[in-house]
Colleague: 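Sharing a structure with you now.
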2 protein chains.
Amino acid sequence: MKTAPASARADEPRWLTDEEQRVWRSYIDASTLLEDHLDRQLQRDAGMPHIYYGLLVQLAESPQRRLRMTELAMSAKITRSRLSHAVARLEKNGWVRREDCPSDKRGQFAVLTDDGYEVLRRHAPGHVDAVRQAVFDRLSPEQQKSLGEIMRIIAEGLQPSEAGADLPWLR
Amino acid sequence: MKTAPASARADEPRWLTDEEQRVWRSYIDASTLLEDHLDRQLQRDAGMPHIYYGLLVQLAESPQRRLRMTELAMSAKITRSRLSHAVARLEKNGWVRREDCPSDKRGQFAVLTDDGYEVLRRHAPGHVDAVRQAVFDRLSPEQQKSLGEIMRIIAEGLQPSEAGADLPWLR
DNA sequence: GGGTAGAAGTTGAGAGTTCAAGCAAGCCGG
DNA sequence: CCGGCTTGCTTGAACTCTCAACTTCTACCC
């Protein structure tokens with residue numbers, strides 16, 4: 001029953017070596033624990049999950065404290081749908097407000113409100129502490145640098161579209 | 001109103017430096033994209049999210065292809081509640097079965113069924129490919145080693161309980 | 001101008017996660 | 001052997017996320 005290979009994969013799958021498996025398991029464990037830890041910390045202190053907090057931060061850093069929905073979704077690396085739901089919730093909290101885009105009637109801005117800014121101001125120190133304690137305080141400067149490089153590489157590889165991706169004929 | 005400091009934090013919050021912020025942002029971006037990518041890959045190919053797949057793998061690697069609920073939850077770094085829901089779903093798929101523990105009537109084993117094993121066997125190659133393409137193929141051997149060490153450190157720091165944690169009087 | 005493909009954003013249903021509460025069984029001091 | 005503490009696991013409700021429509025508007029083409 002092997003006359004016609006069912007998939008395009010060449011032959012034997014390239015399994016992970018034992019060492020690769022250990023690395024991968026460490027990654028899964030750490031990222032699961034870390035996400036959980038930060039979600040809990042922010043949910044408890046600021047009343048929202050980590051990703052929502054990240055949205056407020058992005059807005060706070062943007063000119064006029066506002067961003068088009070699609071831009072915000074891209075910079076947070078989430079789908080527009082997910083963002084739509086998230087902004088709806090943040091709007092209910094009074095931390096974000098929607099505004100129509102004058103130049104494109106389909107467009108919406110998500111705007112950080114004063115209340116939203118205030119929440120951020122109040123809870124940023126606690127969150128920074130949590131990140132420090134979980135990550136930076138435990139790593140040497142070399143490890144921090146290394147982590148940055150590694151994660152940048154991985155993110156680049158997965159980015160749905162990045163500089164030049166709209167020019168596919170250049171490879 | 002500052003006679004009694006409300007928290008244990010000394011005074012000024014220690015903000016992240018610009019470089020630390022870049023590292024952290026890279027981490028958030030990469031881990032968000034990667035989780036998403038693997039969830040989608042496994043949902044599409046195997047019909048379950050990444051974490052469920054991980055549960056099946058843990059069971060497959062365990063003696064008798066079975067594990068007590070609490071042990072499985074700990075090794076997957078999730079809460080018992082979450083595991084309970086997850087196993088309920090996997091049971092509906094026929095990939096896992098529950099069995100009573102004879103020595104402790106409160107206890108339950110989660111047992112990987114033959115169907116569950118088969119699903120794993122069929123989809124492991126595709127998943128390994130996805131992990132390779134997203135991570136290992138992009139990193140040098142030194143970076144892989146480094147990633148393993150860094151993630152091990154972070155996981156250690158967040159582990160709710162680890163070797164010696166049941167001896168708190170030793171610090 | 002009218003047709004149409006694509007982009008921006010939303011929606012609803014179903015699946016997954018969290019949190020607090022709950023039940024049953026084991027553990028133990030008296 | 002009984003009362004209370006703890007452990008193992010489950011449950012339901014509220015919340016979040018995904019996926020596939022769907023609406024509205026823009027851009028392009030002729």
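Naming convention: chains lettered A, B, ... in sequence-line order (proteins, then strands); numbering from 1 in each chain. Since the model is a prediction, treat every value here as computed from it, not as a measurement.
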Colleague: Taking atom P of D:dT18 as reference, at what distance in whole Å does atom CG of B:L38 sit?
Modeller: 13 Å
Colleague: At under 4.0 Å between heavy atoms, how does the protein contact nucleotides 14-25 of chain C? Give one character per nucleotide, 5' to 3', with B, S or -.
Modeller: --SBBB-----B
Colleague: DNA chain C: B:S103 or A:F109, which has the more 5' nearest nucleotide?
Modeller: A:F109
Colleague: Starting from B:L59, can I reach B:L42 by hopping between I/L/V/M/F/W/Y residues whose side chains sit under 4.5 Å apart?
Modeller: yes
Colleague: Closer than 4.0 angstrom, basic N to acidic O: yes or no for B:K145 and B:E142?
Modeller: no
Colleague: Round to a whole Å and report the spacing from CG of A:N93 to C1' of D:dC15.
Modeller: 12 Å
Colleague: Send over the distance from A:E99 CD to C:dG9 C1', rounded to a whole Å.
Modeller: 16 Å
Colleague: Under a 4.0 Å N-O cut-off, is there an ion pair linking B:R97 with B:E99?
Modeller: yes
Colleague: Check whether any side-chain N or O of B:R98 sits under 4.0 Å from OP1 or OP2 of D:dC9, and answer yes or no.
Modeller: no
Colleague: In terms of side-chain geometry, is the basic nitrogen of A:R152 or A:E156 positioned less than 4.0 Å from the acidic oxygen of its partner?
Modeller: no
Colleague: Please give, in whole Å, the distance from D:dG8 P to B:D100 CG?
Modeller: 16 Å
Colleague: Atom CG of B:L67 and atom P of D:dG8: how far apart are they, to the nearest Å?
Modeller: 14 Å
Colleague: Could you tabulate the donor-acceptor pairs under 3.5 Å formed by side-chain atoms of residues 82-91 of chain B, not counting sequence neighbours?
Modeller:
unit_1: B:R89; atom_1: NH1; unit_2: B:G47; atom_2: O; d: 3.4
unit_1: B:R89; atom_1: NH2; unit_2: B:G47; atom_2: O; d: 2.9
unit_1: B:E91; atom_1: OE1; unit_2: B:R98; atom_2: NE; d: 3.0
unit_1: B:E91; atom_1: OE2; unit_2: B:R98; atom_2: N; d: 3.3

Colleague: So, taking the atom named CG in B:D115 and the one named CG in B:N93, what distance separates them when rounded to the nearest 0.5 Å?
Modeller: 10.0 Å
Colleague: Please give, in whole Å, the distance from D:dT18 C1' to B:L42 CG?
Modeller: 15 Å
Colleague: Could you tell me how far apart A:E35 (CD) and D:dT16 (C1') are, to the nearest whole angstrom?
Modeller: 12 Å
